[in-house]
Amino acid sequence: AQTVTQSQPEMSVQEAETVTLSCTYDTSENNYYLFWYKQPPSRQMILVIRQEAYKQQNATENRFSVNFQKAAKSFSLKISDSQLGDTAMYFCAFMTRSDMRFGAGTRLTVKP
Amino acid sequence: DGGITQSPKYLFRKEGQNVTLSCEQNLNHDAMYWYRQDPGQGLRLIYYSQIVNDFQKGDIAEGYSVSREKKESFPLTVTSAQKNPTAFYLCASSDRHRLAGYNEQFFGPGTRLTVL
């Protein structure tokens, strides 16, 4: 079975600092996509960043970037210059043609 | 504006009653999904539909039913057979799965169901 593991239930970071959230996954598929979603207190799920497994280059979206290690099945999210608005639950997700899996989430708190 | 709407935002149900959660999208997406979110467990897939008049069970379909009579709508019924229905329910949609490109899911605002 395909699984997604987020080993850090909670993390905190000081405003303006950098934080990295971990995600590992397990699959036998070769074609898949990886996502990080953010869920703020409003509970609206918001896509943060996406990565196609066939692309070696790590995706970047402004202050958000990923470290995608396909052989290690690792997909970590780095948030630079953390802002108070980044406080949220962060979910790592994995998608193939027939399946979509989410991790249990990491609760990130940005402290002023 | 294009998006996904879910109603109601909060729903209360007495034990033994069926209840239907609404999900509508105007993104012209073929695929729609229902997830359940419990504390500490992330999102779990209940049902999904890749095309009108067709749907498949997810990991936790027992006690739930769905229909897909229109492309825009994918209502979820929580039946009295669902033993622990109190949870937050999220609906999502995406372009139909294809080999090339990505198929990110767009989410609605969710419905909080509480069984009294």
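Please read all numbers here as calculations on a predicted model, not as lab measurements.
- Inspection of non-hydrogen atoms places A/Met100, A/Arg101, A/Phe102, A/Gly103, A/Ala104 of residues 100-112 of chain A under 4.5 Å from chain B.
- Looking at residues two or more places apart in sequence or on another chain, you find a ring pair (Phe, Tyr, Trp, His ring centres under 6.0 Å) between A/Tyr32 and A/Tyr25, A/Phe94.
- Residues B/Gln37 and A/Phe91 are in side-chain contact: their nearest non-hydrogen atoms beyond the backbone lie under 4.5 Å apart.
- B/Ile4 and B/Tyr47 are not part of a single hydrophobic cluster, where members link through side-chain heavy atoms under 4.5 Å apart.
- Pairs passing the side-chain hydrogen bond (donor to acceptor under 3.5 Å, both in side chains) check and including a residue from residues 64-80 of chain A, sequence neighbours excluded, read A/Asn30-A/Lys70, A/Asn67-A/Gln69.
- Looking at A/Gln39, only its side chain comes within 4.5 Å of chain B, counting heavy atoms on both sides.
- A distance-only check finds no donor-acceptor pair linking the side chain of A/Gln44 to the backbone of B/Gly110 [under 3.5 Å].
- With sequence neighbours excluded, no residue satisfies side-chain hydrogen bond (donor to acceptor under 3.5 Å, both in side chains) with B/Thr111.
- In this structure, B/Asn84 places its CG atom where more than 12 heavy-atom neighbours from other residues, nucleotides or ligands lie under 6.0 Å away.
- The environment of A/Gln83 atom CD is dense: over 12 non-hydrogen atoms of other residues, nucleotides or ligands sit within 6.0 angstrom.
- Note that CG of A/Leu47 is 9.5 Å distant from CZ of B/Phe107, once rounded to the nearest 0.5 Å.
- Cluster membership for B/Leu90 and B/Tyr10, using ILVMFWY side-chain heavy atoms within less than 4.5 angstrom, is not shared.
- Between A/Tyr37 and B/Gln105, some side-chain heavy-atom pair lies under the 4.5 Å cut-off.
- In this structure, chain A has no heavy atom under 4.5 Å from any part of B/Asp38.
- The cluster map of Ile, Leu, Val, Met, Phe, Trp and Tyr, joined by side-chain heavy atoms under 4.5 Å apart, puts B/Leu76 and B/Val19 in the same cluster.
- Criterion: ILVMFWY side-chain heavy atoms under 4.5 Å apart, direct or through other members. Under it, B/Leu113 and A/Met45 are not part of a common hydrophobic cluster.
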